[in-house]
Amino acid sequence: MTENAYTRRDDGDNGSKGVGRMTGTVLVTSGTGKTGRRVVERLTALGVPVRSGSRTGEVPFDWQDDTGWEAALRGTEAAYVAYYPDLAVPGAAEAMAAFGRTAAACGVRRVVLLSGRGEPQAAVAEEALRGAAGRAEVTVVRSAFFAQNFSEGALLDGVIGGELVFPAGTAAEPFLDLDDLADVVVAALTGDGHAGAVYELTGPRSLTFEQAAEELGRATGRPVRYVPVTGPAYASLLEEFGVAGAEAGFLAELFATLLDGHNAATTDDVKRVLGREPKDFSGFARAAARDGAWHG
């Protein structure tokens with residue numbers, strides 16, 4: 001297989017590592033989510049058999065009900081793990097340990113775990129999965145803040161309304177395009193040389209939320225203003241939109257932890273894995289506007 005988005009250049013001494021290897025069946029958890037559906041699309045395009053797991057899909061998979069995990073994993077060679085709602089929530093480490101044990105019992109050979117960059121509690125969940133997965137190769141992909149949160153996630157309505165209310169202050173963030181994340185995940189699922197790796201994925205430059213709002217405004221052709229708020233104020237706002245109090249508080253605290261400046265630096269891990277530069281935020285914004293993301 002030639003070098004492309006689904007193979008890896010290895011930085012080691014022998015230059016022979018990194019040649020892509022196709023896998024057997026892959027379980028994609030949260031297969032209809034922002035990252036899962038992109039991974040499913042790419043694996044399908046490569047001809048890799050895929051089981052797209054979700055609570056209501058053809059392959060039942062629910063993070064809150066482990067009784068269906070064995071059936072979803074049985075006969076698979078690899079799994080992409082995207083835990084909902086976040087690896088930092090209470091109980092996530094226990095869920096990762098249980099999933100790892102089930103995967104090991106089912107003979108799964110490779111697991112790629114989506115994690116958060118700079119999240120101490122997520123690192124605890126990562127280790128729980130590694131410790132329980134037996135002989136399975138585990139690769140961790142720690143992501144920066146998704147660029148697509150502005151076009152598919154919680155910030156979509158803010159862009160449409162012209163006002164982004166968020167507790168990020170003046171901290172800069174190297175927003176990651178989910179197409180890059182999905183390409184890295186597929187490379188780790190289908191190629192050799194990633195066992196035990198921890199990849200920290202970022203975009204090529206860091207922007208404050210004010211700068212991101214300006215770029216979104218240019219892409220949409222109408223003003224978008226960033227309005228910084230405190231964590232408690234943001235939690236109250238979430239509750240007004242129907243988010244339960246405990247979840248609203250957790251999300252506000254999580255964003256405050258992630259967006260305090262410690263994640264501002266960029267990395268070269270996308271280029272290390274894919275052999276190309278990550279996509280820039282301005283390119284994401286133009287493409288999303290062209291595709292009608294903010295026509296509401």
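What you see is a predicted model; the values in this text were computed from it and never measured. FYI, the numbering just counts along the sequence from 1. All heavy atoms count here, side chains included; hydrogens, waters and symmetry mates do not.
In this model, a donor atom of one side chain and an acceptor atom of the other lie less than 3.5 Å apart for E126 and S115. Defined by atom type and a distance below 3.5 Å, a donor-acceptor pair is missing between the side-chain atoms of T208 and Y226. If you check the side chains of D269 and T267, you find no donor sitting under 3.5 Å from an acceptor.
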Please table the atom pairs, donor to acceptor, closer than 3.5 Å between any side-chain atom in residues 150-169 and protein atoms at least two apart or in another chain.
from: S151; atom 1: OG; to: Q148; atom 2: O; distance (Å): 3.4
from: E152; atom 1: OE1; to: R37; atom 2: NH2; distance (Å): 2.9
from: E152; atom 1: OE1; to: R38; atom 2: NH1; distance (Å): 3.4
from: E152; atom 1: OE2; to: R37; atom 2: NH2; distance (Å): 3.4
from: E152; atom 1: OE2; to: R38; atom 2: NH2; distance (Å): 2.6
from: E163; atom 1: OE2; to: R225; atom 2: NH2; distance (Å): 2.5

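The only member of D180, D183, D179 that meets side-chain hydrogen bond (donor to acceptor under 3.5 Å, both in side chains) when paired with K279 is D179. Between F61 and the options Y84, W69, Y80, Y83, a ring pair (Phe, Tyr, Trp, His ring centres under 6.0 Å) holds for only W69.
Ion pairing of R286 with D291 is absent here, as no side-chain N (NZ or NE/NH1/NH2) approaches a carboxylate O to less than 4.0 Å. Under the 4.0 Å criterion applied to side-chain N and carboxylate O atoms, E215 and R205 are assigned as salt-bridge partners.
A distance-only check finds a donor-acceptor pair linking the side chain of E77 to the backbone of G24 [under 3.5 Å]. No donor-acceptor pair under 3.5 Å is formed between the side chain of T202 and the backbone N or O of A144.
When the shell of 6.0 Å around CD of E239 is examined, it contains more than 12 heavy atoms from other residues, nucleotides or ligands. Within 6.0 Å of CD on E253 lie no more than 12 heavy atoms contributed by other residues, nucleotides or ligands. Other residues, nucleotides and ligands place more than 12 heavy atoms under 6.0 Å from the CZ atom of F255.
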